[in-house]
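Taking it in order: structure first as structure tokens, then the write-up.
Computation of the quantities below employed the complete heavy-atom set of this structure, encompassing side-chain atoms and omitting hydrogens, waters and symmetry-equivalent molecules.
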Amino acid sequence: MTTQITSARPAAGPRKGTRRRPPASSATTVGRPGFAWALPAALFFALFAIVPLIMVAVLSFMSWDGISPPRFTGTDNWSRLMDDPVMLKSIWLTLLLTALGVLLQTPLSIVLGVWAAGHQRNRAVLSVIYFIPLLLSATAVSVLWRALLDPNFGIPADAAWLFGDGNLFGEQATAIGVLAFVSTWQFTPFHTLIYQGAARAIPQVLYQAAEIDGAGRYRQFFHITLPQLRNAMITSMILMIVGGLTTFETVLILTQGGPGTDTTISAYYMYDKAFKGFDYGTGSAIALALVVASTIISLIVVRVSGYDKMRGSAEGVS
């Protein structure tokens, strides 16, 4: 009896140089969400941002007292603003308060943010206490400090050796100082959160390598932490600039533009013209000018800082 032995041919495998396609699944077939997902947000933004902005732009070329029909006046509103000494003064005051906000809040926010990103004892409790002003509205904060700084019943009345007559709102220098202090007290916690998150994203291997090289805490802060916080710093500064240019509630409640017009910033002057003087055309022109100025300054900061060229996913990596 003969036994016939047959050898089985190997199964055909994939050819060399060809990739095997993964099996189709829901994870590979799902692409980016369609425009329908963004439609509700786009409609909301258009209804409450784009449309009012267009209406303000149109109204800036008209004369309207809020009762009679609007009347087209061309560039009369803009021409009057160019020759208005109060408007020119308000621009200078707005830039001054914005610069003070950036100079005061930036170093405080960086230091507190880096500290809050660490693992110190009682850090969480102290951070919660420090972030309380962030939970309050600008109106509530302004009312609070208006009562605390009242010359008759507030802190200045009990500390005449420090505040003199106690009327901090009676002179331009002290009134501007109060506005800058209150804004710093309220908004520094917000920017601290930005720096806290950015500081926690810094790779720890950088600090470990620096310790091996003998670098102390101060050298690590200035040569590692600050460069790595570049993106967060630019973002924070843009928010500070835009917020400073549009500050309104603090001036309205604390000083009402006084004494005289010494703290009348552009946003408050817009309110004074439109809602007190019933000149909505001029008020709209001031509002449009603030929007354009905020946009231009933000673009300049982004361009000069090189923020638009940053491509890395980690802070400070381009």
Side-chain angles (χ1 to χ4, degrees), residues 93-117 120 122-164 166-199 229 232-233 235-259 262-268 271 294:
L93 291 173
T94 302
L95 296 177
L96 176 61
L97 282 175
T98 303
L100 288 175
V102 173
L103 294 176
L104 292 175
Q105 296 178 40
T106 299
L108 284 174
S109 302
I110 292 176
V111 173
L112 292 172
V114 173
W115 174 82
Q120 298 85 354
N122 298 324
R123 176 193 57 82
V125 177
L126 294 176
S127 297
V128 169
I129 296 175
Y130 179 74
F131 290 140
I132 288 178
L134 187 60
L135 305 177
L136 305 177
S137 65
T139 302
V141 170
S142 300
V143 171
L144 171 65
W145 282 104
R146 180 68 186 184
L148 290 175
L149 298 177
D150 187 274
N152 299 317
F153 307 101
I155 298 175
D158 297 329
W161 58 273
L162 179 62
F163 296 98
N167 188 11
L168 299 178
F169 304 102
E171 296 183 4
Q172 183 182 35
T174 55
I176 291 177
V178 169
L179 293 175
F181 168 77
V182 172
S183 297
T184 301
W185 184 82
Q186 180 185 8
F187 294 110
T188 297
F190 171 75
H191 298 281
T192 298
L193 281 177
I194 297 177
Y195 290 113
Q196 180 183 2
L229 293 179
M233 191 179 302
T235 302
S236 175
M237 290 181 62
I238 292 176
L239 294 175
M240 289 180 188
I241 292 172
V242 175
L245 294 177
T246 57
T247 299
F248 171 71
E249 301 97 327
T250 307
V251 176
L252 174 65
I253 296 174
L254 288 177
T255 65
Q256 295 185 355
D262 286 342
T263 58
T264 301
I265 60 176
S266 299
Y268 182 81
Y271 164 80
S294 302

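Here L144 contributes atom CG and Q186 contributes atom CD; the two are 10.5 Å apart, rounded to the nearest 0.5 Å. Note that CG of L179 and CG of L168 are 11.0 Å apart. Values are rounded to the nearest 0.5 Å. To the nearest 0.5 Å, atoms CZ (F131) and CG (L126) are separated by 10.5 Å. The CD atom of Q172 sits 8.5 Å away from atom CG of L96, with the distance rounded to the nearest 0.5 Å. The line from CG of L93 to CD1 of I176 is 5.5 Å long, rounded to the nearest 0.5 Å. With rounding to the nearest 0.5 angstrom, the CH2 atom of W185 is 13.0 Å from the CD atom of Q105.
Between L97 and T247, every side-chain heavy-atom pair lies at or beyond the 4.5 Å cut-off. With contacts defined as side-chain heavy-atom distances shorter than 4.5 Å, the pair W115/Q196 does not qualify. Using a 4.5 Å cut-off on side-chain heavy atoms (C-beta onward), E171 and D262 make no contact. Residues Y130 and T188 meet the side-chain proximity criterion, which asks for heavy atoms closer than 4.5 Å. A 4.5 Å side-chain heavy-atom check between L193 and L134 finds at least one atom pair inside the cut-off. Residues L239 and F187 have side chains not in contact (no heavy-atom distance under 4.5 Å, counting atoms from C-beta outward). Residues T192 and I110 fail the side-chain proximity criterion, which asks for heavy atoms closer than 4.5 Å. Taking the side chain as every heavy atom from C-beta outward, M240 and T98 never approach each other to under 4.5 Å.
Distance alone, capped at 3.5 Å, places no donor-acceptor pair between the S109 side chain and the H191 backbone. Under a 3.5 Å cut-off, the side chain of T263 and the backbone N or O of G258 do form a donor-acceptor pair.
Checking T94 against S266 by side-chain atom types alone, a donor-acceptor pair falls below 3.5 Å.
Summarising the local packing, CZ of F153 is surrounded by 12 or fewer heavy atoms from other residues, nucleotides or ligands at distances under 6.0 Å.
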*Please assess Y271 against L252 for the test side-chain contact (heavy atoms from CB on, under 4.5 Å), listing each intermediate value before the final yes or no.*
CA-CA 9 Å; Y271 164 80; L252 174 65; 3.8 Å; yes
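For the residue pair T184 and P189, the shortest heavy atom distance occurs at O-CD, 4.5 Å. The minimum heavy-atom distance between A175 and F169, with the atom names listed, is CB-CA, 4.3 Å. The heavy-atom pair separating Y195 from M233 by the smallest distance is OH-CA, 3.3 Å. Here the closest heavy-atom approach between residue S142 and residue E249 is recorded as OG-O, 4.0 Å. Heavy-atom minimum distance, P156 versus D150: CD-O, 3.8 Å. Taking all atoms of both residues into account, the shortest heavy-atom contact from A199 to L229 is N-CD2, 3.7 Å.
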